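It should be emphasised that the depicted structure is a prediction, and the values quoted were computed from it without experimental measurement.
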Amino acid sequence: MKPTIKDIADKAGVSIATVSRVLASKGDSYSKKTGRKVLKIAKEMGYRKNNTAVELVKKKGNVIAVIINATPTNFSTQIIDGIQKQANSLGQHVIILYAGNRSPELQHQAILTALERAISGILLVAIEPDQEDMKLLEGAGTPFCFVSLYLEQNNILAVSSNNRDVAYQATNYLIGHGHKKIGLAGIDQYHTGSQRIDGYRLAMKEHQLNVEDDWIKLGDYSYDSGLKLLGDFLSTRVTGIVAASDMVAAGLLNAAQQKGIQLPDQLSIISIDGTVICQIATPALTSVTQDFYTIGVESVNKVMGKKAPLFIPTHITKRSSVAEI
């Protein structure tokens with residue numbers, strides 16, 4: 001196997017970030033001795049960056065690396081379309097790297113692979129970084145931006161929907177239709193999930209509505225989560241559910257139909273995302289609709305140093321899955 005910058009770092013007894021800076025000839029944060037040591041080891045190990053060794057990283061890149069998490073949802077295509085269109089307009093090419101589904105090893109390897117190229121920047125789509133990822137990204141000196149994820153740190157570039165507001169809107173919509181017992185389904189406890197739980201709780205609190213412990217059902221945004229969780233809600237007697245994604249909503253809907261529950265008369269569902277699934281479901285799913293294409297466009301602008309917003313506006317799309325009670 002070809003040696004990686006991690007192999008060099010291990011042998012040299014320095015961090016991966018230091019090796020990356022040495023190979024990029026960014027000599028303001030390491031000693032000359034360390035630089036010579038790293039380059040000597042890289043040469044001995046036969047390390048090459050895209051077959052042109054260290055010199056390649058000195059050239060200005062015209063490639064944006066997109067690292068994408070394999071979330072079990074269906075919004076990424078719209079984001080990629082926006083990224084591709086805007087990258088092309090700025091004279092940039094796009095490469096896509098797969099990071100698995102919550103796989104720290106694959107995620108870290110994808111970041112390493114991106115940094116071993118001459119790139120303009122890195123876009124991380126629905127990627128939850130660990131400390132090692134952040135140390136590597138921040139130490140490499142390459143611009144990076146999180147896409148459809150907000151880490152709540154002002155010094156880290158991001159373009160996303162406002163996830164607190166997304167869940168707040170969805171919950172308020174159900175409350176506005178007379179619902180007082182409202183569940184939240186298929187959510188996780190990472191940044192996006194935690195922000196949505198906050199928004200859901202805030203809407204309930206503002207209307208002086210209690211939230212029972214069993215009204216929040218955790219999941220992974222997948223169809224299977226919705227399919228499995230519907231049964232867990234039956235004993236709670238909720239009349240409306242905020243689904244964490246369109247895939248969760250579709251799972252809830254199909255499970256309800258299998259059990260003979262009439263939607264929306266016996267149970268109302270509002271989904272978060274607003275992709276094509278909402279239109280083809282029966283009944284069609286009311287949603288808080290995110291503008292994923294614009295998220296993709298603006299993430300390119302931001303990573304390329306152009307002015308771009310942090311949050312992209314969302315809106316309620318009324319369809320047929322919510323009833324007045």
Side-chain angles (χ1 to χ4, degrees), residues 1-71 76 83 92-147 149 151 153 155-158 190-191 299 303:
M1 294 178 63
K2 293 182 180 179
T4 67
I5 61 175
K6 185 178 186 301
D7 297 326
I8 298 170
D10 290 343
K11 190 168 183 178
V14 299
S15 69
I16 293 172
T18 296
V19 174
S20 180
R21 287 193 290 270
V22 170
L23 297 181
S25 299
K26 297 174 180 177
D28 58 344
S29 58
Y30 57 87
S31 68
K32 290 183 179 179
K33 181 180 178 181
T34 296
R36 289 194 296 268
K37 181 180 180 181
V38 168
L39 290 175
K40 182 174 183 293
I41 290 173
K43 184 176 180 180
E44 289 173 351
M45 296 180 74
Y47 179 79
R48 292 292 182 272
K49 280 181 173 287
N50 294 339
N51 300 319
T52 57
V54 177
E55 287 74 20
L56 177 60
V57 295
K58 298 179 182 178
K59 298 179 181 179
K60 182 178 179 180
N62 65 341
V63 174
I64 295 174
V66 179
I67 300 176
I68 188 163
N69 181 39
T71 53
S76 60
I83 289 172
Q92 296 288 313
H93 300 288
V94 173
I95 59 170
I96 297 176
L97 300 170
Y98 175 71
N101 185 15
R102 307 294 186 200
S103 169
E105 182 179 347
L106 287 177
Q107 192 164 290
H108 194 67
Q109 186 57 53
I111 294 171
L112 286 173
T113 301
L115 292 174
E116 289 175 355
R117 300 181 62 99
I119 55 175
S120 304
I122 300 174
L123 297 177
L124 300 109
V125 181
I127 295 289
E128 283 276 355
D130 58 22
Q131 290 185 347
E132 189 175 5
D133 290 336
M134 289 306 302
K135 186 175 181 180
L136 181 59
L137 288 164
E138 292 174 335
T142 300
F144 62 93
C145 177
F146 287 90
V147 185
L149 181 88
L151 298 179
Q153 298 182 47
N155 62 322
I156 297 177
L157 299 182
Y190 293 99
H191 285 89
S299 68
V303 83

Step-by-step side-chain contact (heavy atoms from CB on, under 4.5 Å) determination, Ile95 to Arg117 | CA-CA 11 Å; Ile95 59 170; Arg117 300 181 62 99; 3.4 Å; yes
After noting the C-alpha distance and the side-chain angles of Lys37 and Thr34, does the key distance pass the side-chain contact (heavy atoms from CB on, under 4.5 Å) rule?
-> CA-CA 5 Å; Lys37 181 180 180 181; Thr34 296; 5.6 Å; no
Could you walk me through whether Leu149 and Leu124 pass side-chain contact (heavy atoms from CB on, under 4.5 Å), step by step?
-> CA-CA 9 Å; Leu149 181 88; Leu124 300 109; over 6 Å; no
Where do Leu106 and Gln109 land on the side-chain contact (heavy atoms from CB on, under 4.5 Å) test, with the steps shown first?
-> CA-CA 5 Å; Leu106 287 177; Gln109 186 57 53; 5.5 Å; no
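Here the straight-line distance linking atom NE2 of His93 with atom CD1 of Ile119 works out to 14.5 Å at 0.5 Å rounding. Atom-to-atom distance recorded for Leu112:CG and Leu136:CG is 5.0 Å, nearest 0.5 angstrom. Taking OH of Tyr47 as the reference point, atom CD1 of Ile5 lies at 5.5 Å (rounded to 0.5 Å). Atom NE2 of residue His191 and atom CZ of residue Phe146 lie 9.0 Å apart, to the nearest 0.5 angstrom.
Residues Leu157 and Phe144 have side chains not in contact (no heavy-atom distance under 4.5 Å, counting atoms from C-beta outward).
Looking at Glu116, its side chain never comes within 3.5 Å of a backbone N or O of Thr4 through a donor-acceptor pair. Under the 3.5 Å distance criterion, the side-chain polar atoms of Asn69 are left unmatched by any main-chain donor or acceptor of Ala99.
Listed by chain and residue number, Asp10 satisfy the salt bridge (charged side-chain N to carboxylate O under 4.0 Å, His left out) test with Lys6 (two or more places apart in sequence, or in another chain). When the salt bridge (charged side-chain N to carboxylate O under 4.0 Å, His left out) test is applied to Glu44, the partners found at least two apart in sequence or on another chain are Lys40. Every residue two or more places apart in sequence or in another chain that forms a side-chain hydrogen bond (donor to acceptor under 3.5 Å, both in side chains) with Asp133 is listed here: Gln107, His108.
Shown are Ile64, Leu97, Leu115; of these, the side chain to side chain contact (heavy atoms under 4.5 Å, CB included) with Ile122 is made only by Leu115. With Ile83 as the fixed residue, the side chain to side chain contact (heavy atoms under 4.5 Å, CB included) test singles out one of Ile96, Leu123, Ile68: Leu123.
Residues Ile8 and Ala42 come closest through the heavy atom pair CD1-CB, 3.7 Å. Scanning both residues, Ala17 and Gly139, for their nearest heavy atoms gives CB-CA, 3.9 Å.
Heavy atoms of other residues, nucleotides or ligands lying less than 6.0 angstrom from CD of Gln131 number 12 at most.
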